[in-house]
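Both ligands and their constituent atoms are indexed starting at 1 by order of listing.
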Amino acid sequence: MTDPRPRGRFAPSPTGPLHLGSLVAAVGSWLFARRAGAEWIVRMEDLDGPRVVPGAADEILRALERYGLTWDGEVAVQSRRTVFYEEALAQLRAAGHAYDCGCTRAEVARAAGAPDAADPVDAAGAVYAGTCRAGLPAGRAPRAVRFRVPEGIVAFGDRVHGRIEEDVARAVGDFVVKRADGPFAYQLAVVVDDAAQGVTEVVRGGDLLSSTARQIALQRALGLATPSYAHLPLVLGADGKKLGKRDGALPIETLDERRVAESLALALRLLGQEVAGEAPGEMLAAAARSFGVTRVPTGPLRVAADGGIVSGA
Ligand code: GLU
């Protein structure tokens with residue numbers, strides 16, 4: 001039997017200390033959950049081995065504690081859960097929803113007509129042409145495993161952005177669920193874990209809005225429930241570019257009381273919420289009481305040099 005209690009989550013990748021963008025995701029998901037009397041759990045998404053920074057997971061957890069972002073239960077760690085991803089993959093394969101792909105990244109890009117197949121930027125956005133859909137071409141060895149995306153539009157209601165529609169087959173094509181270098185892909189792991197952990201509301205950074213239709217397609221293929229979704233405003237650097245590793249990093253050793261309160265106040269303002277109280281715990285409790293979903297901006301947002309918030313890229 002599934003637990004009927006609503007549950008939100010924060011799922012950071014331990015690739016560095018908490019930064020302003022991940023703090024906004026943590027505070028936003030905490031507020032959505034606590035305001036609704038829901039549980040809030042934390043999951044470390046550490047499947048992308050080469051990007052994982054030793055010690056970062058602990059540092060993120062200590063930072064959450066300093067901010068007063070208390071979580072429920074044990075922290076789940078994806079690298080200890082691969083057996084569940086294996087099971088899901090076997091289920092997809094058995095139903096014909098997944099297949100081996102022998103293409104290299106450059107071949108995928110070339111088949112998609114990317115301007116420069118050797119350029120990782122062009123190659124990354126390439127829609128898979130379906131080369132191995134009907135079986136591996138003769139002489140090719142399996143590399144990645146792909147999800148066979150069904151035809152049609154996936155539509156969902158985002159609590160911040162409203163109705164979103166995506167034709168996943170056209171926009172992305174059959175996407176990778178197990179990578180050529182071994183790890184399970186984020187898209188599969190996140191769907192399996194959100195379902196296994198009874199997550200009923202997914203509240204996360206706006207950069208993942210474009211992943212949601214893929215995740216819903218996977219949920220349907222696996223017979224899993226779809227949680228509600230809310231995507232928070234993407235926070236860009238002062239130059240309007242995506243926050244890099246160092247921008248807005250909030251390393252725990254530099255987090256004195258004053259810095260913690262300041263960054264928390266900034267995160268609340270980025271979420272369109274009122275700031276009241278002095279200590280982090282007080283500020284969060286006040287924000288949970290006065291929280292209004294309709295005030296959450298769609299973004300993207302930039303923090304100007306004078307601390308003001310500017311809307312737009
Ligand atoms: N691990 C992802 C990240 O840090 C977030 C995944 C999610 O919230 O679905 O960007």
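- Counting heavy atoms from C-beta on, the side chains of Val203 and Arg9 never come closer than 4.5 Å.
- Looking at Gln91, its side chain does come within 3.5 Å of a backbone N or O of Leu222 through a donor-acceptor pair.
- Considering each of Gln78, Arg204, Gln187, Glu45, the one bringing a non-hydrogen atom nearest atom 1 (N) of ligand 1 is Glu45.
- Proximity of Leu208 to ligand 1, defined as any heavy-atom pair under 4.0 Å, is confined to the side chain (atoms from C-beta onward).
- A salt bridge does not link Arg146 to Asp100: none of the charged side-chain nitrogens sits closer than 4.0 Å to a carboxylate oxygen.
- In the vicinity of Tyr186, heavy-atom distances shorter than 4.0 Å reach the ligand 1 atoms 6 (C), 7 (C), 9 (O).
- Val235 and Leu20 get closest at one heavy-atom pair: CG1-CD2, 4.1 Å.
- Close contacts between ligand 1 and Val190 involve ligand atoms 9 (O) [criterion: under 4.0 Å to a heavy atom].
- Counting side-chain heavy-atom gaps under 4.5 Å among Ile, Leu, Val, Met, Phe, Trp and Tyr, the cluster of Leu236 also holds Leu234.
- Under 4.0 Å is where a charged nitrogen must lie from a carboxylate oxygen, and between Glu107 and Arg140 at least one such pair does.
- Of the heavy atoms in Phe10, none comes closer than 4.0 Å to ligand 1.
- In terms of protein heavy atoms, atom 2 (C) of ligand 1 is closest to Ala11 O, 3.4 Å.
- Less than 4.0 angstrom separates some heavy atom of Ser13 from each of these atoms of ligand 1: 1 (N), 2 (C), 3 (C), 4 (O).
- At least one N or O atom of Arg9 sits closer than 3.5 Å to an N or O atom of ligand 1.
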